[in-house]
Number of protein chains: 2
Amino acid sequence: MRAEILSVGTELLLGDILNTNAQYIARELANIGVNVFYQTVVGDNPERLKNAYNIAVNRSDIVITTGGLGPTKDDLTKEIAAEYFNKKLLLDEKSLEEMMGFFKKINRVPTENNKKQAYFPEGCIIIENHNGTAPGCIIEDGGKIAALLPGPPKEMKPMFQESIIPYLKKFQDGTLVSKVLRVSGIGESSVDKEIGHIIDRQKNPTVAPYAKDNEVHLRVTAKGKNEEEARKLIIPVEKEIREVLGDINVYGVDEESIEEVIAKMLIENNLTIGTAESCTGGFVAGKLIDYPGISKVFLEGAVTYSNEAKMKRLGVKESTLNKFGAVSGECAAEMAQGIARTAGTSIGISTTGIAGPGGGSEEKPVGLVYVGIYMFGKVITRKLNFAGSRQKVRDRATFTILDLLRRELVKYLEK
Amino acid sequence: MRAEILSVGTELLLGDILNTNAQYIARELANIGVNVFYQTVVGDNPERLKNAYNIAVNRSDIVITTGGLGPTKDDLTKEIAAEYFNKKLLLDEKSLEEMMGFFKKINRVPTENNKKQAYFPEGCIIIENHNGTAPGCIIEDGGKIAALLPGPPKEMKPMFQESIIPYLKKFQDGTLVSKVLRVSGIGESSVDKEIGHIIDRQKNPTVAPYAKDNEVHLRVTAKGKNEEEARKLIIPVEKEIREVLGDINVYGVDEESIEEVIAKMLIENNLTIGTAESCTGGFVAGKLIDYPGISKVFLEGAVTYSNEAKMKRLGVKESTLNKFGAVSGECAAEMAQGIARTAGTSIGISTTGIAGPGGGSEEKPVGLVYVGIYMFGKVITRKLNFAGSRQKVRDRATFTILDLLRRELVKYLEK
């Protein structure tokens with residue numbers, strides 16, 4: 001099955017945004033064994049969109065478009081697909097109803113334009129959009145398949161997972177199953193070096209590494225007669241990877257985030273936690289609260305960006321700040337202890353650092369971050385150095401303190 | 001001048017890497033007024049590359065390719081371009097010499113394959129590569145231009161800056177200038193409805209709307225003899241848009257984020273602030289702290305996810321929680337007042353809501369969020385409803401409280 005990805009949007013064409021959709025779809029299609037032969041980007045121009053559409057459908061079995069399903073006059077993908085396949089656009093009452101419900105929920109009134117989003121080429125399969133107002137659709141005609149998806153990744157990705165993948169799997173022989181191992185604390189090139197021999201075998205299952213911002217994902221993909229057979233093939237390879245890299249470095253699998261892994265350990269063992277943040281300024285608390293149900297154990301977070309707040313709120317000693325500075329292991333330790341004491345939690349974690357772009361010195365450069373973990377009367381601190389922008393330093397510090405906490409929790413719970 | 005960007009490489013096609021080259025080139029071309037009409041990605045397959053090349057050159061005045069200039073058999077861009085323009089590939093002694101020098105410098109011996117990189121279509125302009133072994137080239141033939149650049153961004157970008165931009169500027173008359181107006185509080189379709197007549201004029205300047213997660217961006221682009229003339233053309237259109245949409249709804253321009261706009265107002269007027277967050281759990285503080293220098297005015301943030309923390313930390317009354325619940329305007333008001341009082345700030349802002357996926361009821365559904373702003377003895381609250389995932393609800397609540405704060409600050413400072 002030959003596929004083409006056609007991304008519609010002037011902001012892509014002009015380089016205002018990166019085409020992450022095309023990468024996402026290409027990778028997902030590769031995972032289920034669909035060959036992508038071309039990717040095209042075209043703007044919201046009817047004539048050129050029509051031209052690109054004709055070329056794409058002619059040379060492919062399936063064309064997946066993203067974008068151009070919005071309510072404005074510029075949004076033309078559905079109209080052009082309908083014209084290509086010679087189908088009328090008909091109102092879908094169910095989609096209209098859902099759209100009206102969506103607008104009611106957010107206390108807004110749809111414009112006449114919005115209703116355009118409830119019209120679809122006759123006979124198509126409508127794909128619900130649970131994160132926006134533009135449903136997608138699949139047109140099947142004369143041995144060709146056209147799938148139309150909205151442009152915003154937050155809408156497109158769930159629709160792709162929920163509808164397009166199951167739909168395309170029908171056309172595949174055998175079943176592909178993937179499992180992602182999420183690795184922290186080891187860089188991409190080290191992972192590559194350690195398990196290069198496993199990757200090179202490249203038979204069934206295959207192993208592919210993907211470098212992410214703070215971690216490396218290893219996607220293990222097996223093909224079997226059925227799902228059970230494919231899953232069985234993954235087991236020994238996963239075991240081997242865990243042995244080579246160290247089990248503690250594989251923090252989760254598939255969609256498990258680090259905050260989810262931590263939250264589950266905390267909740268299961270009824271361990272309460274508080275956060276005291278300086279440079280990360282709320283992001284550590286924010287991440288933990290991403291996990292629903294965390295309220296049982298997350299008692300309080302403090303964002304103490306100024307020295308005054310560190311003293312007043314957390315009881316950091318003035319002498320500590322004078323002697324070692326706010327960016328120091330000593331301060332991180334007192335912050336972690338301070339939040340645990342004042343919030344009455346078993347665990348307190350802290351961050352303090354120089355996120356930049358200003359504020360660095362030779363002794364304490366931008367990117368220097370200290371983190372602290374207080375657990376059951378003991379406190380540990382770590383000195384870290386990160387490169388990159390203010391946002392990147394804060395993001396890396398957030399991930400790293402969470403990963404350290406995870407490692408400490410695993411150690412503690414193993415006892 | 002109609003341009004097409006053709007990116008060659010199987011790793012792009014399969015989504016193993018993001019196509020940052022295409023974005024970079026598109027943006028650089030837009031800046032010098034060259035219209036990109038299509039972007040295409042194709043793998044290292046001779047037949048399909050030839051097909052994509054033919055289509056691209058036929059429909060464009062200039063085709064810029066990246067990738068496929070390496071030493072391996074898979075690298076075919078130069079060969080296919082030479083074939084298309086019916087040119088022989090000839091050895092360029094100077095390029096060969098430089099290549100030998102490069103290899104000597106890195107203590108390696110070139111293979112026979114490497115020499116392939118010193119052959120070029122006859123009559124072309126050779127573009128030196130100071131960061132790698134593959135020079136690029138420009139072919140001019142029959143009114144068409146083909147520019148061939150290597151794939152690695154570290155090699156491609158300097159070559160683009162040093163050679164392609166000066167080359168293309170010769171063909172341009174005038175300068176393009178863009179200004180982005182960032183609009184909050186109005187949805188994309190409403191913006192479209194309000195200023196559709198301005199967009200439809202589509203002459204000089206042009207106006208293009210882009211829907212973002214919580215806001216709409218309007219890009220106003222003018223062409224003038226020089227930058228000054230182009231800037232002057234933008235002024236009346238910007239003024240008209242601000243009048244139609246309401247000046248207060250245009251929160252910033254170009255790269256200005258909402259947290260930057262707020263941080264500047266707070267710092268300039270020496271207004272201190274504290275945050276008290278429940279459902280957003282640290283994201284509001286995290287956003288504000290994105291702005292360097294905020295520490296002068298951001299005194300403290302509290303993440304009070306549990307009822308106990310709301311009472312203990314912020315002094316929310318137990319009777320308020322019993323009578324109205326934690327997700328109520330009354331609780332939001334007491335949270336905002338509580339953080340301002342305990343942190344000793346002029347302003348306190350708060351969020352409390354049901355981010356989901358669980359915890360909703362008919363009376364208080366998932367997505368219901370109350371926010372509070374305490375300023376100089378007065379407190380205002382708002383009831384909001386958001387659709388979408390837990391992350392989306394939290395993200396929208398974060399943006400919305402910041403936008404409300406911005407509006408209140410503008411009102412206050414106008415007095």
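Below, chains carry the letters A, B, ... as their sequence lines are ordered, and counting in each starts from 1.
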Between [Y] and [X], do the side chains contain a donor N or O and an acceptor N or O under 3.5 Å apart?
{"X": "A:Thr10", "Y": "A:Asp44", "answer": "yes"}
{"X": "B:Asn19", "Y": "A:Gln23", "answer": "no"}
{"X": "A:Asn129", "Y": "A:Glu155", "answer": "yes"}

Would you mind telling me which of [options] has the largest number of heavy-atom pairs within less than 4.5 Å of chain B?
{"options": "A:Thr133, A:Asn51, A:Ile5", "result": "A:Asn51"}
{"options": "A:Thr304, A:Leu288, A:Asn114", "result": "A:Asn114"}
{"options": "A:Lys154, A:Glu112, A:Glu308", "result": "A:Lys154"}
{"options": "A:Gly43, A:Pro357, A:Ala30, A:Ser295", "result": "A:Ser295"}
{"options": "A:Leu12, A:Ile55, A:Thr280, A:Ile17", "result": "A:Ile17"}

- Counting only heavy atoms closer than 4.5 Å, note whether A:Asp16 contacts chain B via side chain, backbone, both or neither.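 Both parts, backbone and side chain.
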(request) Go through the atoms of A:Phe103 and report whether side chain, backbone, both or neither lie under 4.5 Å from a heavy atom of chain B. (result)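 Neither part; nothing is under 4.5 Å.
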| task | Just give me the residue among B:Pro209, B:Ser189, B:Ser306, B:Gly196 that pairs up with chain A most often, heavy atom to heavy atom, under 4.5 Å. | result |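 Top count of heavy-atom pairs under 4.5 Å with chain A: B:Ser189.
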- Message: I'd like to check A:Ile339 versus A:Thr275 (side-chain heavy atoms, cut-off strictly below 4.5 Å). Are they in contact?
- Response: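 A side-chain contact under 4.5 Å is absent here.
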